[in-house]
Every structure is written in structure tokens, then in C-alpha cells.
Amino acid sequence: MSDLLELLGLGQAAELLSLSPPGWGRNLLVGLSRSLQIAAGAFGLGLLIGLLGAYGKLHGGKITRDLLAIYTTVIRAVPELVLILILYYVGTDLVNKASAALGGGPVEISGIAAGIWVLGVVQGAYATEVLRGAIQAIPPGQVEAARAFGMPGWTILRRVTIPAMMAFAVPGLANLWLIATKDTALLAVVGFSELTLETRQAASSTRAYFTFFMAAGALYLMVTLLSGALFARLEKWARRGQPSLKGGAR
Amino acid sequence: MIPLKELLQPHRILLMALFAGFVLWCAVSLRWDWIPQYLPLAAHGLWTTLWILLASIALGFPLAMLLGLAQAVGPWYLAWPAKGLCTVIRGTPLLLQIWLLYYGLGSLFPQFPWIRGSELWPYLRQAWPYALTALTLSYAGYEGEVMRGAFSSVAKGQLEAARAFGMPRRTIFRRIWLPQAVRNVLPTLGGETILQLKATPLIATITVIDIYAVSSRVRSDTFIVYEPLLLLALVYIVIALVIGQGFAWLERRVPR
């Protein structure tokens, strides 16, 4: 194995990327796991905000709808990097003020929690639009039938709306998940230690920029391709029992 | 745009009054005395943001057309590399790509004497060529995927009719295929252009002084946190609105 790597001229790269201490492989994997934790948390928070936002946009009062329209428009027009900075400062300020009001001292906020909060609020705006479109795509007769049977609102959401909208929402949500994984890289700019920042630290202390950035790129690409395959299966499952889209009019 | 009558509903007037109150509060109780000092730098930064955005789109779009064509109708030895390039660009964070080009290539180039001796060397020592390359490739990658769909969505009958009239292949492409393909994806391209605008602040991480970098400079010089960030967000919202309106105007002008 190592002879083969030597033969390909990759011996040095393998040494740098090895998992045991002189190599930096373990740092990259720790960074990757942090990135995935933040992405998963932000995606979940975004889904929650998105579901509430979609319901507010569809069934809320006039003021709720206008406020939600401002939220989704502004978040989608401002660069993520700027939003991350604003939300980070606002979040830490709020937490510190709350802690001071309760008589505590300044609070150290963990990077993962802060990352989930800022990316989750951003994801929420996009998820609102995706879920609103998916809910609107449900034939209205289905919800009316559920209501006619006397189902309470919560049960309708759980047993009719969510399962029926899944098929329409999965492609958009898959896209959002990929955006979440890639947006975690932006947290490197504000100094959260995740895959991209770990990579940069490894690269600048060994001067092997190409090796490390390529390795990190391969890790990100692996996550993207794997999630793509998983979401394709999820979509197939969500569409079960529905007529196939292929073969019909394009 | 929203008609005036809809804008003048009671609850909207209330919301607008609240917003005006918020703006007034911002103007009075926040610190804006740093603006005159940083105005020239901000104008320079805004100019950098805009020209990098426009240049990356102008260079990226022809590349995207080639990538889209190769994937839609090209033989496998063109289609596969094009698809691979699009997948890699869309599957990795742009920040990583920018850093790979700037730090990776930037540390590789000086090792070759003939590059250092070449006429391009004064440019290769600056940061903006790397920023422009990364943003161009990124735009080409995302739009290549859009254009693939656009090219294959043009009705076959249109191309057959053009061929039946004896049009040469170049003319078919220029007058029938490309205009219809672009028309079909015009709304998508508008959204993607705003996404490209939102990607530009990343170049500040490799020392290009764009409008985002100016706001960071203000923050680190004066320790004023919220004011420059709010103003920066406003600048991006205005640019995004202009792009959105521009594409809406374009869509109205294009015959359906």
C-alpha cells in the first residue's frame, strides 16, 4: 500500500493526511464532524422556522404575513456572511443581556450553538418558501376531506399535510441541506473551528496548501454525493403510490 | 411593484410608521460620525464589488454555455468532464475554492522562474485575479447546470424547422436555439445573479478590498459593530433590488 503511494508520488501527502499525530487527518475529521453537527442543527432549526413560517404565510393574519414577507425577502437579499456577523453579534448581545438581567456574568457561547443559531435563521427563510410551495401543491380536497371527518388541526398537520407535501418538498429540502453543509464553511471567517478553518490551519502550518484544500474538497464532495443519493431515495419513498412523473407530458 | 392602493391598508401604514420610527431611532441614537472619513474607501469598495460581479458574470456565462452544451448534446468525452466540473464546483464550498486558488496556486507559482519572469507576474502577485477566477468558475459551474436544462428544453420542432429551411448550424444556434434557451431560464438566471452578488464578500478573505472589507475595516478601527453592518446589509439589498428589477424589465421585453 505505502509502496504504491510512493510510486504515485503521494507518499508525502499520505504522511501529512495520516490519522496519527504527525499527520493532520484527525483534525480534518474532527472539523468535518463539527461541520456536520452544525449543518444538521441548522437544517433542523430551519425546518422548524420554515414550517411555522409557511403556516403563517398561508393562514396567518395580515400583519404576520407582511412581517414574514419582510423576513424572507431581507434574508434572501443579504449575503450569508453579513447575516452571520449580524446574527452572531445580536445573539451574543441578547444572551449576555439576559444573563446580566438574571444576575449572572458574561456567558461564553459555544461555537456549535452560535453556528446553529445563525445558519438556522438563514435556512428558515429559504425553508419557509420551500414548504409554503409544497403545502400549496397539495390538492385542497385532501385537507377538506380530513376536516370533514372531524380531524383536529394538529392531527391534520401530522397525518395529512406533512405526508402529502413530502413529495413536493423533498427536492427543495435536499437543496437546502446541501446549502447548509456548504454554508458551514462561512463560519471559518468568524473563527468557528470547523472543516474549512481546520484545513486552513493545517495548510498554513505545513505549507502544503494543495494537499489539504484538495483533501477537504474531497470530504465536502463526499458529503454532497452521499446526501444526494440519500435524498433521491427519500424522494422515491415520499412519492410511493403516486403516478410516476416520467413518461407523462414534459 | 405593489400598487399604491394595496400599500395604503391600515396595518401597512402602521408597519411603515413603525419602520420609519426605527430608521429615525437609528439615525439619532446610533453613531454615524465615522461615515465621512470612510466614504472614499467605501466608494472604492463598492466599485470593486460591482466590477468583480459584472466581470465574473460576463466571463462565466460563455463558459456556462459551453458546459451546458457539452452536457446537453456533446459526445461522452465532452459531456463527462463537463458534468464532473459542475459537480465538483457545486459540491464544495466557494470559500474553499477561493482559498485553494489563492493560497494553493499562489504558493506554487513563485517556484517556477519562468512564471516570475513573465509579463503576467505583476498581476499574479495581486489577489483579485484569483478572486475573479474563483467567482467566474463558480458562476460557470452553477449556470452550466441551468443551461444544460435550458438547451434541452427547447422544442425539437423548432430546431427541425430551422434545419428544414436550410439554416447553417451556427445560425440555428445564434437565432433559434440560444435565444429560446435563455428566455426559458431568464427568471432562474435572475435569482442566480443575486446569489452571485451574495458570494462576492467572500473575496474579502483573500485581501481584496470590496465593500464588505471596508465595513470590516470600520468595525476593527472604531469598534462600532452594528452601524457599518446595517449599512452594508442595506447596500446589498439595494443592489439585489436593482438586479431583480433589471431582470423583470428584461423579462417584460422578451416576447413570449
*Asks:* In terms of heavy-atom proximity below 4.5 Å to chain A, should B:Ser215 be classed as side chain, backbone, both, or neither?
*Replies:*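 Nothing of B:Ser215, per the 4.5 Å heavy-atom cut-off to chain A.
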*Asks:* Got A:Phe213 and B:Tyr102 here, is their nearest side-chain heavy-atom distance under 4.5 Å?
*Replies:*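 No, their side chains stay 4.5 Å or more apart.
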*Asks:* So what's closer than 4.5 Å to chain A heavy atoms on B:Leu100: side chain, backbone, both or neither?
*Replies:*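 Both parts, heavy atoms under 4.5 Å.
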*Asks:* Closest heavy-atom contact between A:Thr181 and A:Tyr220?
*Replies:*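 Shortest heavy-atom separation between A:Thr181 and A:Tyr220 comes out as O-CE2, 3.9 Å.
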*Asks:* Under a 4.5 Å heavy-atom cutoff, which of A:Ile63, A:Leu85, A:Asp66 has the most pairs with chain B?
*Replies:*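 Winner by heavy-atom pair count: A:Asp66.
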*Asks:* Under a 4.5 Å heavy-atom cutoff, which of B:Leu241, B:Leu202, B:Ile243 has the most pairs with chain A?
*Replies:*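 Ranked by contacts with chain A, first place is B:Leu202.
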*Asks:* Could you tell me how the ring of B:Tyr130 sits relative to the ring of B:Phe109: parallel (under 30°), tilted (30 to 60°) or perpendicular (over 60°)?
*Replies:*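 Geometry flag for B:Phe109 against B:Tyr130: tilted rings.
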*Asks:* Under 4.5 Å heavy-atom distance to chain A, tell me which part of B:Val88 shows up: side chain, backbone, both or neither.
*Replies:*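 Both parts, backbone and side chain.
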*Asks:* Between A:His59 and A:Tyr55, how do the two ring planes meet: parallel, tilted or perpendicular, split at 30° and 60°?
*Replies:*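 A:His59 vs A:Tyr55 ring planes: tilted.
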*Asks:* Would you call B:Lys156-B:Glu160 a salt bridge at under 4.0 Å N-O?
*Replies:*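 No, B:Lys156 and B:Glu160 are not salt-bridged.
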*Asks:* Which answer fits A:Leu178, side chain, backbone, both or neither, if we ask what part of it has an atom under 4.5 Å from a heavy atom of chain B?
*Replies:*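 Neither the backbone nor the side chain of A:Leu178 comes within 4.5 Å of chain B.
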*Asks:* Checking B:Gln97 against chain A: side chain, backbone, both or neither under 4.5 Å from a heavy atom?
*Replies:*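 No part of it gets close to chain A.
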*Asks:* Measure B:Leu229 against the heavy atoms of chain A and call it side chain, backbone, both or neither at under 4.5 Å.
*Replies:*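 Answer is both: backbone and side chain atoms of B:Leu229 are under 4.5 Å from chain A.
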*Asks:* Is A:Val223 close to chain B through its backbone or its side chain, or both, or neither, when contacts mean heavy atoms under 4.5 Å?
*Replies:*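 Answer is neither: A:Val223 stays 4.5 Å or more from chain B.
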*Asks:* Any idea which of A:Thr184, A:Leu195, A:Asp93 has the most non-hydrogen atom pairs under 4.5 angstrom with chain B?
*Replies:*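 Of the options given, most contacts go to A:Asp93.
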*Asks:* Side-chain contact test, heavy atoms from C-beta onward, threshold under 4.5 Å: evaluate it for B:Ile194 versus B:Phe247 and give yes or no.
*Replies:*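 In short, these two side chains do not touch, never coming nearer than 4.5 Å.
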*Asks:* B:Tyr212 versus chain A, heavy atoms under 4.5 Å apart: side chain, backbone, both or neither?
*Replies:*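 Answer is side chain: those atoms of B:Tyr212 sit under 4.5 Å from chain A.
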*Asks:* Mind listing the closest non-hydrogen atom pair of A:Ser193 and A:Arg34 along with its distance?
*Replies:*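 That would be OG-NH1, 2.5 Å.
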*Asks:* Quick check on A:Leu225 against chain B: is it the side chain, the backbone, both or neither that has a heavy atom closer than 4.5 Å?
*Replies:*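 A:Leu225 touches chain B through side-chain heavy atoms alone.
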*Asks:* Would you say that A:Ile86 contacts A:Val90 through its side chain, given a criterion of any heavy-atom pair below 4.5 Å between the two side chains?
*Replies:*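 Answer yes - side chains close enough.
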